[in-house]
Amino acid sequence: MFEKKQFNKITIVTIALAACLLVLSIIFSIRAFRSTSYIVYVEDKIYDEYIKTAPLAQKDLGLIFVKESERNQVKEKAFGPIIKTAGRIQMQEEIALLPQAYGENQKFFVLEEESLLPSVKADFTSAKSGAANSPELSISISNSEGLPLGNRAIPVDGAYAGDESYKLLVKKGILCTVFEEGLSKDIFEYCEKLFIASENSPEKKTPSELVTIASVGDIMVARGVEEILIEKKNGLEAVFEDTLPILKGADFTIGNLEGVVTESWKNATKTYTFKFKKAVLPKLLEAGFDYLMQTNNHCYDYGESGFKDTLAAFAEYKIPSSGIGKNKEEAKKFYHTTIKGLPISVISCGAFPVERSGFNGEKTATATETRAGILWKSDELLEQIKAEKKAGYFVIVNVHGGEEYHFSPSKKQREFYEALCDNGADIVFGSHPHVLQPTEWHGKSLIVFSMGNFIFNGMENMPGGTDSEVVKVGVLGGRIAYVEQYPAKIKNNGVRLKK
């Protein structure tokens, strides 16, 4: 009886073990043939912005995209698919100063680029504020939009924002990392379709290209200068010397041509009258000038006839200008151009006082419905500038005004130039005093009250008459970022930078 009970017990245990083994075998068999789910973990912001609305379905890729914040909710079930982490998609930021090294299993997709600008308080009274002289002052770091008022950006190791070698370019984008080698192709292709499409979208934020604008003072090429420019093989170098690289290097260079282009001998009754041969105009273009101003007190040195000759010569050589015309309506037109995506609007006007000779520019040279002439300062001009700014232009105003041989702007001069800025002018370039006057910020706008003479023979006996400068402005994102002054000196028949 005992042996029978013992046998039954052994039989039951054996059957139970066999059953367990069978169940385990079934379980292992089922688990051995389970499918695999490949999970790609995605930073929440990227998931909500890109993956959630992506046109490619997850099932088409055999991938499951999961938010990083939901990572803990992903748990493998006994009879469910095997879960493997196939990759990760995350936000990434890199700076050119510290380049990142990526492995073969990683790809970085740039969505946004931004230049950071080191800047200092602009000291326009120093001897030089050019690229070679970056003062050791308190430095702020910002983008162009956040540039502190009163600051000017400085180059980094000689490079400017927008240069290929600029070290403070920040790239923001998405880093895709693949952990399953066999899925690299699928994941990278998916990322390329998703994020490169975003790269090329109109909403993509890319750094603005730097647009450089240069301006100089009065250019009077009589008294032997035009002969050098026209007749000598190295005339440009002889006259402009080491200022040439700055003039040619800027994207847009402005000069004030003091005199008319005519063959007439019927000069006006004035203290000084200047005229030039039209063959000098292509030489000025070759020197780097992109715009020549004519709204000065010498535009009518040979009367309306000489002024019309100048208009014809400008048209013949396609010299850009504005504030001049055959009538009032033509003189009111702004010159428009676009440089590296920056829409620029330029206008010039007269605001100079009556000369000792009695010449009154406002009464004599201002354009009317029936007379060719120049644009004169007015409230209407302020309204036009306001409209240009509202239309999205970077607005430059050239003014021939102020008192001759005064080293400080007059009250009327200051009030008018500031009003120009208040109504939308980004830069006001001043001429007429024949000597240097201050350069100042007015909010985000820049006023250069007077750049003195640039090419002007016979000024040696006039105090300050041979002191000059080239002002170079760098514009980023529609705002002035860089301001550099290059002091120069008139000598004999030319001009050269001060060493």
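For the side chain to side chain contact (heavy atoms under 4.5 Å, CB included) test, residues two or more places apart in sequence or in another chain that qualify with Ser357 are Lys270, Thr271, Glu355, Phe359.
Under 3.5 Å, the side chains of Tyr482 and Glu484 contain no donor-acceptor pair of N or O atoms. Using modelled atom types and a 3.5 Å distance limit, the side chains of Glu440 and Tyr417 yield no donor-acceptor pair. Between Asp251 and Thr212, the side chains place a donor N or O and an acceptor N or O closer than 3.5 Å (distance only, hydrogens not considered). Using modelled atom types, one finds a donor on one side chain and an acceptor on the other under 3.5 Å when comparing Asp218 with Asn256.
Proximity of a side-chain donor or acceptor of Glu209 to a complementary backbone N or O of Gly162 within less than 3.5 Å is not detected. One N or O on the side chain of Tyr291 and one on the backbone of Ser322 form a donor-acceptor pair closer than 3.5 Å. At distances below 3.5 Å, at least one donor-acceptor pair connects side-chain atoms of Ser445 with backbone N or O atoms of Ala425. In this structure, Arg223 contributes its side chain and Phe456 its backbone to no donor-acceptor pair below 3.5 Å. No side-chain donor-acceptor contact under 3.5 Å links Ser468 to the backbone of Ala488. Between the side chain of Asn360 and the backbone N or O of Glu362, at least one donor-acceptor pair lies under 3.5 Å. With Asn151 contributing its side chain and Leu147 its backbone, the two residues share no donor-acceptor pair below 3.5 Å. Although no hydrogens or angles enter the test, the distance criterion places a donor-acceptor pair under 3.5 Å between the side chain of Ser321 and the main chain of Leu292. Remark: side-chain polar atoms of Thr310 are paired, donor with acceptor, to backbone N or O of Gly306 under 3.5 angstrom.
Taking a 6.0 Å sphere around NZ of Lys277, one finds it holds 12 or fewer heavy atoms contributed by other residues, nucleotides or ligands. Residue Glu460 qualifies as enclosed at atom CD: its count of foreign heavy atoms under 6.0 Å is above 12. Heavy atoms from other residues, nucleotides or ligands lying under 6.0 Å from NZ of Lys278 number 12 at most. Around atom NZ of Lys340, more than 12 heavy atoms belonging to other residues, nucleotides or ligands sit under 6.0 Å away. More than 12 heavy-atom neighbours from other residues, nucleotides or ligands sit within 6.0 angstrom of NZ on Lys248.
Within the 4.5 Å cutoff, no side-chain heavy atoms of Ile490 are placed close to those of Ile455. Cys349 has its side chain within reach of Phe416: a pair of non-hydrogen atoms, C-beta onward, lies under 4.5 Å apart. Inter-residue side-chain proximity for Ile246 and Leu497 is flagged as met; some heavy-atom pair is nearer than 4.5 Å. Looking at heavy atoms from C-beta onward, His336 lies out of side-chain contact with Ile344 at the 4.5 angstrom threshold. Arg479 has its side chain out of reach of Ser144: every pair of non-hydrogen atoms, C-beta onward, lies at least 4.5 Å apart. At least one side-chain heavy atom of Thr439 sits under 4.5 Å from a side-chain heavy atom of Leu446. Inter-residue side-chain proximity for Ser215 and Met451 is flagged as met; some heavy-atom pair is nearer than 4.5 Å. Looking only at side-chain heavy atoms (C-beta outward), Pro118 and Leu168 come within less than 4.5 Å of each other.
To the nearest 0.5 Å, atoms NZ (Lys172) and CD (Glu114) are separated by 5.0 Å. Atom CZ of Phe314 sits about 6.0 Å away from atom CG of Leu281, to the nearest 0.5 Å. Atoms CG and CZ, on Leu247 and Phe289 in that order, are 5.0 Å from each other to the nearest 0.5 Å. Here the CD1-CG distance, from Ile447 to Asp426, works out to 12.0 Å after rounding to the nearest 0.5 Å. Separation of atoms OG1 (Thr466) and CG (Asn457) is listed at 11.5 Å; rounding is to 0.5 Å. Rounded to the nearest 0.5 Å, atoms OH (Tyr486) and NZ (Lys472) are 5.0 Å apart.
Using a 4.0 Å cut-off between a side-chain N of Lys or Arg and a carboxylate O of Asp or Glu, Lys167 and Asp157 do not qualify as a salt bridge. Note on Lys386 versus Glu383: salt bridge recorded, some NZ/NE/NH1/NH2 to OD/OE distance being below 4.0 Å. Ion pair Glu226/Lys283 not flagged as a salt bridge, since none of the NZ, NE, NH1 or NH2 atoms sits closer than 4.0 Å to an Asp/Glu carboxylate oxygen.
Met91 and Ile46 make their closest contact through SD-CG1, 3.3 Å (heavy atoms, listed as atom of the first residue, atom of the second, distance). Residues Ala159 and Ser165 share a closest heavy-atom pair of CB-OG, 3.6 Å. Here the shortest heavy-atom pairing between Ser345 and Glu388 reads OG-OE1, 2.6 Å. The nearest pair of heavy atoms linking Ala161 to Leu210 is O-CB, 3.3 Å. The minimum heavy-atom distance between Leu257 and Gln294, with the atom names listed, is O-NE2, 3.0 Å. Between Tyr300 and Ala365, the shortest heavy-atom distance links the atoms CD1-CB, 3.7 Å.
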Walk me through whether His298 and Met220 qualify under side chain to side chain contact (heavy atoms under 4.5 Å, CB included). CA-CA 10 Å; His298 290 284; Met220 199 286 292; over 6 Å; no
Exercise for the section: Please step through side-chain hydrogen bond (donor to acceptor under 3.5 Å, both in side chains) for the pair Tyr272 and Glu258, ending with a clear verdict. Expected result: CA-CA 11 Å; Tyr272 300 102; Glu258 287 263 43; over 6 Å; no
Assess the residue pair Leu111 and Tyr50 against the criterion (side chain to side chain contact (heavy atoms under 4.5 Å, CB included)); give the C-alpha distance rounded to whole Å, side-chain angles, the decisive distance to 0.1 Å, and a yes or no. CA-CA 12 Å; Leu111 297 180; Tyr50 297 97; 3.2 Å; yes
Practice prompt. Go through Val475 and Phe252 one step at a time and tell me if the side chain to side chain contact (heavy atoms under 4.5 Å, CB included) criterion holds.
Written response: CA-CA 11 Å; Val475 182; Phe252 191 74; over 6 Å; no
Show, in sequence, the C-alpha distance, side-chain angles and deciding distance for Tyr102 and Lys107, and conclude whether the side chain to side chain contact (heavy atoms under 4.5 Å, CB included) test is met. CA-CA 7 Å; Tyr102 298 112; Lys107 279 193 178 181; over 6 Å; no
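With Lys275 as the partner, the side chain to side chain contact (heavy atoms under 4.5 Å, CB included) test is satisfied by one option alone out of Asn267, Asp301, Asp309, Thr262: Thr262.
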Under 3.5 Å, side-chain donor or acceptor atoms of residues 231-241 against the rest of the protein: list the pairs with distances, not counting sequence neighbours.
unit_1 : atom_1 : unit_2 : atom_2 : d
Glu241 : OE1    : Arg496 : NE     : 3.2
Glu241 : OE2    : Arg496 : NH2    : 3.0

List the atom pairs, with distances to 0.1 Å, where a side-chain N or O of residues 392-402 and a protein N or O form a donor-acceptor pair under 3.5 Å, not counting sequence neighbours.
unit_1 : atom_1 : unit_2 : atom_2 : d
Asn398 : ND2    : Ser348 : OG     : 3.1
His400 : ND1    : Ser431 : OG     : 2.8
His400 : NE2    : Asn297 : OD1    : 2.9
His400 : NE2    : His432 : ND1    : 3.0

